[in-house]
Amino acid sequence: MVKRVVLAYSGGLDTSVAVRWMTDELGVEVIALSVDVGQSSDDWDVVRERALAAGAVEALVVDAREEFARDYCMPALKANALYEGRYPLVSALSRPVIVKHLVATARLHGADAVAHGCTGKGNDQVRFEVSTRALAPDLEVLAPVRSWGMTREDCILYAYDHGIPITATKEKRYSIDDNLWGRTIECGEMEDPWAVPPRGIWLLTEPTATEPVDLVVSFREGVPVALDGEEMTPAQLVTALNERVGAYGWGRIDMVENRRVGIKSRETYECPGSLALVMAHADLEAICLERDLQREKLRLETRYAELVYDGLWFSPLKQALDAFVDESQRFVTGDVRLHLSPGSCQVTGRRSDHSLYDYSLATYDSGDRFRHEDAAGFVRLWGLNIETWASVQGGDRW
Ligand code: ARG
């Protein structure tokens, strides 16, 4: 029998009702834990008070912003991780760090279970539960929202009846999640994949800047360390880039993606900082990585993103891929120039002391070092098999 539960608490309607519902229906003590991963709009004092008002025996907040940026966002950046080629894994990256703190809190407070407020249709339940199983197989995982069978209206009535302070209205238009790595907006009219996302949903990418500007991002072994020469921690740097790039209205994604649970869903994201960083980082790799290493890494990046998306952050394959990625980053040190103008963010230059770009080989000017006489024989042998095939079997297909 579960006696004490640590709930991942956001301060929203579902998790607030979950505090009371688990207390009353399951007879457990609920410790509410809110993990600050850089959500844009939360006043943590208000969130704590709300958890206590809902009946939590304890309400805790941990500031995990630097940890999240350093140990979760940066590895994903080194892997240029974009799910289905586009989504920088905003929510998928935050769940494992939240779970880490849920488990640590459960240990500290002698809890025998953790709980989350996810529904049964999304990816986040997968990430919470698989991550918990990986870190603490002995802990139970409770998913009250998935099992209680209440509609949104029922929840609002429940909150009202039990004196739980909430700000929700009957019409919940969107499901929003955000952290340092970006912001996700789903539901409402956007459930029609043809519908144009309403203007009001954007927060980080409202265009306000008009003057074009250049920005230099400096990387050390694959990790961004400075903006325009100013050294910053990963969390500071991502925050600064969100503001600076977002001001140009750049960083929006509108896509239909494949969820782990078999549903296709229409998603909108705004990720100015993370998308700019992935673009800059991949560009720097183009001069710092030897060809075969670069190509193999490109192939593995897809797999890396899938693993993270599918809730397998804490898994042996992900661990092994991290080792490969880290090894690949030894010489990824240098600068990338980004040019920002309304609606656009583009790389306009890259440089590195470890650059494999060799001017004397690449130039079309006279006096290059490339051995032109070697080319003829090389090309002949490269195509020798094709020549043989064409003379015996080919020739009549085209
Ligand atoms: N589709 C994205 C993902 O699976 C965003 C999920 C947002 N989560 C949420 N509870 N609103 O990573």
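None of the values given here were measured: they were computed from a predicted structure. Whatever order the structure lists them in is the order used to number ligands and atoms, beginning at 1.
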Checklist outcome for this item: Closest to atom 9 (C) of ligand 1 among protein heavy atoms sits D124 OD2, 3.4 Å
Next on the checklist: Residue-level breakdown please: for Y174 versus ligand 1, do any non-hydrogen atoms fall below 4.0 Å on the side chain, on the backbone, on both, or on neither?
Outcome noted: neither
Checklist entry - Below 4.0 Å from any atom of ligand 1, is there a heavy atom belonging to H116? => result no
Item to check | Residue list, side chain to side chain donor-acceptor pair (under 3.5 Å) with Y269, at least two apart or on another chain | outcome: E257, E267
Item to check | Distance filter under 4.0 Å to E267 heavy atoms, resulting ligand 1 atoms | outcome: 1 (N), 2 (C), 5 (C)
Item to check | Closest contact, heavy atoms only, S274 versus N242 | outcome: N-OD1, 4.3 Å
Checklist outcome for this item: Between H109 and R4, the two heavy atoms sitting closest are O-NH1, 2.7 Å
Checklist entry - N/O of T184 under 3.5 Å from N/O of ligand 1, yes or no? => result no
Checklist entry - Between E221 and T333, which heavy-atom pair has the shortest distance, and what is it? => result N-OG1, 2.9 Å
Item to check | Close approach, E257 and ligand 1, non-hydrogen under 4.0 angstrom | outcome: yes
Item to check | Rounded distance (nearest 0.5 Å) linking atom CG of D36 with atom CZ of F68 | outcome: 10.5 Å
Checklist entry - Among protein heavy atoms, which lies nearest atom 2 (C) of ligand 1, and at what distance? => result Y269 OH, 3.2 Å
Item to check | Part of M255 with heavy atoms under 4.0 Å of ligand 1, whether side chain, backbone, both or neither | outcome: neither
Checklist entry - Heavy atom under 4.0 Å from ligand 1: found in Y87's side chain, backbone, both, or neither? => result side chain
Item to check | Nearest atoms (heavy-atom pairs only) where A79 meets E301 | outcome: O-CG, 2.8 Å
Checklist entry - Is any side-chain heavy atom of L275 closer than 4.5 Å to a side-chain heavy atom of I253? => result yes
Checklist entry - Which protein non-hydrogen atom lies closest to atom 5 (C) of ligand 1, naming both residue and atom, and how far is it? => result S91 OG, 3.6 Å
Next on the checklist: Within the structure, is a non-hydrogen atom of S175 found at a distance of less than 4.0 Å from ligand 1?
Outcome noted: yes
Item to check | Verdict with reasoning, W313 to Y72, per ring-ring contact (aromatic ring centres under 6.0 Å, His included) | outcome: CA-CA 9 Å; W313 179 269; Y72 297 80; 5.1 Å; yes
Checklist outcome for this item: Under 4.0 Å from one or more heavy atoms of R127, ligand 1 contributes atoms 3 (C), 4 (O), 12 (O)
Item to check | Identity and distance of the protein heavy atom lying nearest atom 4 (O) of ligand 1 | outcome: N123 ND2, 2.8 Å
Checklist entry - Where's the contact between E186 and ligand 1, heavy-atom distance under 4.0 Å: side chain, backbone, both or neither? => result side chain
Checklist entry - What are the two closest heavy atoms between E84 and V256, and how far apart are they? => result OE1-O, 4.2 Å
